[in-house]
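Keep in mind the model is a prediction, meaning the values are calculated, not measured.
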Amino acid sequence: MKSLKALSLESIKDIRKMAKSNKYDYQVTQDNSTWSVKIVRRVTAKKSMVSKSQEGFTSETEAKEWGEKQLTLFLEKLSKRNKNNAEKRK
């Protein structure tokens with residue numbers, strides 16, 4: 001493994017971006033003939049929490065599309081809320 005001194009600035013930024021993007025993700029699971037999607041928040045290294053879920057999709061692709069769309073909407077909404085709260089603190 002490379003030391004931190006050997007890593008370039010760009011690779012360090014990429015590592016930080018990866019770490020941030022792993023906090024929220026979506027999971028697609030199959031229940032008999034239907035598919036369900038969960039938006040999951042990583043609380044700790046061992047614990048995850050479901051933030052939003054939807055069941056009853058007829059296909060995996062439909063479920064994935066919903067998961068991707070809802071995850072982006074969820075993260076945008078979270079970002080706006082965080083910015084508003086930061087402005088209120090000033």
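Each side-chain hydrogen bond (donor to acceptor under 3.5 Å, both in side chains) pair with one or both residues in residues 43-60, not counting sequence neighbours, appears once here: Arg42-Ser48, Lys52-Gln70, Thr58-Glu62, Ser59-Thr61.
Checking side-chain atoms of Thr72 against main-chain N and O of Glu68 turns up a donor-acceptor pair under 3.5 Å.
Of the inter-residue distances, the one linking Phe57 atom CZ with Asp31 atom CG reads 12.0 Å to the nearest 0.5 angstrom. Between the CD atom in Glu87 and the CZ atom in Arg89 there is a gap of 10.0 Å [rounded to 0.5 Å].
Scanning for salt bridge (Lys or Arg N to Asp or Glu O under 4.0 Å) contacts around Lys69 gives an empty result, with sequence neighbours left out.
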Donor-acceptor pairs are to be reported for all side-chain atoms of residues 75-86 against protein atoms at under 3.5 Å, with residues two or more places apart or in another chain.
unit_1, atom_1, unit_2, atom_2, d
Asn82, ND2, Leu78, O, 3.4
Asn84, ND2, Lys80, O, 3.4
Asn85, ND2, Arg81, O, 3.4

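Val37 and Leu71 fall within the same hydrophobic cluster, where Ile, Leu, Val, Met, Phe, Trp and Tyr residues are linked whenever their side-chain heavy atoms come under 4.5 Å apart, directly or through other members. Both Tyr26 and Tyr24 sit in one connected hydrophobic cluster of ILVMFWY residues. Membership requires side-chain heavy atoms under 4.5 Å apart, directly or through other members.
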Check your understanding: Taking it one step at a time, do Trp35 and Thr29 satisfy side chain to side chain contact (heavy atoms under 4.5 Å, CB included)?
Key -> CA-CA 6 Å; Trp35 294 84; Thr29 56; over 6 Å; no
